[in-house]
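This chain uses plain numbering: 1 for the first residue, then up along the sequence. Reckoned from all heavy atoms, side chains included, excluding hydrogens, waters and symmetry mates. Computed from a predicted structure; not experimentally measured.
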Amino acid sequence: MSGAAEQVIQTHWQDDAARDLVHNVSDRYALFVRGEGSSLWDADGKRYLDFLAGIAVTSLGHAHPVFVDAVATQAATLAHVSNFFATPPQLALAAQLKRLAGTGPAGRVYFGNSGAEANEAAFKLARLHGAAKDGGAGRPRILALKDAFHGRTMGTLALTGKPYMQAPFVPMVPGVEFIDSTVEALEEAIDDRVAALFVEPIKGEAGVIPLPDGFLAAARELASRHGALLIVDEIQTGAGRTGAWFAFQHEGITPDAITVAKGIGGGFPIGALITFGAASELFYPGTHGSTFGGNALATAVSTAVLGEIERAGLVENAAVRGDQLREAIDAIGSSLVDGCRGRGLLIGVSLRHPVAGAVVAAAQQHGLIVNAANDATVRIAPALTIGDVEIDEFIDLFTRALRTVEDALVLDETPEEKK
Ligand SMILES: *Cc1c(COP(=O)(O)O)cnc(C)c1O
């Protein structure tokens, strides 16, 4: 497309976005019109390599035939009937999630439409547990980890240990206390008045920060000793992303509940709470619900996406390609890069200067989509389908983006702080 025509489209969509969309995010980078595999195209026909996958969502890449077929087939069969009724895809997905999470027969699944809704259900589960224990005298306390992210609704925001996110919306839903992610802090805080402990096994939004070794095992032990639920937020880490179906499985523990969303739908909105053991008996009729949650269309698509992840061995691929990617990033030898955090295909590239925003912008200029998880961390979360071709191209583009920022830093000694 010629420069002038390009200008017209650019101007129009940015004006439209600025005028018509709520200003809850800063300016959008690009107007995307099509995707295939790990490629995205913008309205000018420029191709990008997508190593963000819509924040760990499009696990099979864009427009995967299995995803496309599941949407089309189920849409042409039965999309929605409300939760007064069951549908075969809903029952199939519940059974599949129980199997993959390893709940055994006692597990149960509640469906919502997003991560936040899954965590809202988990919050209610915690309250029901708190009320059920000790003859209703209750367990008013809920523990969560500082810096962990659990969502943007009022309930999940109250669980999110980021004061700057909560500040504009006080008062918060009461009862939540935030602790450091250390066994000592947990030992100190937990007692028999705690209904639940929420953990995020790798803090994705905080900068892809894993929990310390042994923390989850200690959390399991302490929660059990005090009769509190251990609830693991697997919304970003689940669906195979870290090289196991769920990150808690690396630690060999059994939680009381996990929450999932993002990658399980492969781009179709869906979330779920999966309960284990006695926690599966806490909800009773009238305690929770959702009009859309678990409808036939969403659950058929998620069943197909998880089925393809399993059939194609993409959980193993996430583990292997994650290691390959980490080694290749280290081998770039960039003076900006301090190292990689995370597991499998959830990677935080830690930078020596707070220039993650500048690296993301430079990457985009070179045709690569990644994201800044914080000022000094670039988050990489590609489709689980990536292979040598995508990794080679990523390293080439990422190297160029790093060079662009390195050169700018040399020119201007003060690091630019962009977000
Ligand atoms: C994305 C995310 C959420 C919120 O999910 P939404 O679908 O945006 O509501 C909650 N917890 C974690 C760990 C997440 O990464």
Side-chain angles (χ1 to χ4, degrees), residues 83 90 93-94 97-98 100-145 148-161 172-178 190-201 216 219-220 222-235 237-238 246-248 253-261 264 270-290 293-294:
N83 284 305
Q90 182 184 66
L93 181 59
L97 286 171
K98 283 177 61 174
L100 298 176
T103 67
R108 294 185 189 279
V109 179
Y110 168 81
F111 290 113
N113 310 286
S114 64
E117 282 174 79
N119 280 341
E120 286 287 344
F123 199 151
K124 277 188 159 180
L125 186 81
R127 289 281 206 250
L128 287 173
H129 177 69
K133 282 267 174 181
D134 312 322
R139 291 172 165 247
R141 305 180 65 208
I142 289 177
L143 302 181
L145 303 181
F149 179 77
H150 296 297
R152 298 287 203 156
T153 58
M154 287 308 292
T156 59
L157 187 59
L159 292 170
T160 292
M172 287 288 116
V173 177
V176 184
E177 297 162 49
F178 297 102
I190 200 163
D191 63 15
D192 292 351
R193 286 160 45 83
V194 172
L197 165 67
F198 280 80
V199 302
E200 189 187 2
L216 263 186
R220 174 67 284 173
L222 285 163
S224 296
R225 194 191 308 161
H226 291 281
L229 300 181
L230 174 62
I231 300 175
V232 183
D233 181 337
E234 295 269 6
I235 288 165
T237 50
F246 302 101
F248 78 83
I253 62 143
T254 303
D256 296 297
I258 64 173
T259 51
V260 295
I264 69 163
I270 183 167
L273 167 73
I274 305 169
T275 55
F276 295 64
S280 303
E281 306 310 317
L282 289 167
F283 280 108
Y284 53 89
T287 43
H288 202 37
S290 160

Rounded distance [0.5 Å steps], CG in Asp192 versus CZ in Arg141: 10.5 Å

Residue pair Phe246, Val260: steps toward the side chain to side chain contact (heavy atoms under 4.5 Å, CB included) verdict: CA-CA 9 Å; Phe246 302 101; Val260 295; 3.4 Å; yes

Side chain to side chain, Leu197 and His226, heavy atoms closer than 4.5 Å: no

N/O donor-acceptor pair under 3.5 Å between Tyr110 side chain and Gly289 backbone: yes

Option among Val173, Leu282, Thr287 that satisfies the side-chain contact (heavy atoms from CB on, under 4.5 Å) test with Arg127: Val173

Min side-chain heavy-atom separation Ile190-Arg225 under 4.5 Å: no

Minimum heavy-atom distance between Ala106 and Glu281, given as atom pair plus value: O-OE2, 4.5 Å

From Thr160 atom OG1 to Glu200 atom CD, the distance as rounded to the nearest 0.5 Å: 8.5 Å

Heavy-atom pair with the smallest gap, counting every atom of Ile274 and Ala101: CG2-CB, 4.3 Å

Atom pair CG/NE2 of Leu125 and His288 - distance to nearest 0.5 Å: 10.0 Å

Donor-acceptor contact below 3.5 Å, side chain Asn119 vs main chain Asp233: no

Nearest atoms (heavy-atom pairs only) where Phe283 meets Ala121: CZ-O, 3.4 Å

Contact summary for Thr153 and Ala116, nearest pair of heavy atoms: CG2-CB, 3.8 Å

Pairwise distance CZ(Phe276) to CG(Leu230) - rounded to 0.5 angstrom: 10.0 Å

Any donor-acceptor N or O pair under 3.5 Å, side chains Arg220, Ser224: yes

Approximate separation, where rounding is to 0.5 Å, of His129 NE2 and Leu229 CG: 4.0 Å

Nearest heavy-atom neighbours spanning Ser290 and Glu117: OG-OE1, 4.0 Å

Side-chain heavy atoms of Ile270 within contact of Leu93, under 4.5 Å: yes

Any donor-acceptor pair under 3.5 Å from Lys98 side chain to Arg108 backbone: no

Value rounded to 0.5 Å, distance of OG in Ser114 from CZ in Arg152: 13.0 Å

His150 and its side-chain contact (heavy atoms from CB on, under 4.5 Å) partner, picked from Thr259, Leu159, Val199, Leu145: Leu159

Closest heavy-atom pair and its distance - Leu273, Ala118: CB-O, 4.2 Å

Beyond-backbone contact of Thr237 with Phe248, side-chain heavy atoms, under 4.5 angstrom: no

Side-chain heavy-atom pair Phe111, Leu97 within 4.5 angstrom cut-off: yes

Side chain proximity check, Phe123 to Ile142, heavy atoms < 4.5 angstrom: yes

Minimum side-chain heavy-atom gap Phe198-Val176 below 4.5 Å: no

Side-chain heavy-atom pair Met154, Met172 within 4.5 angstrom cut-off: yes

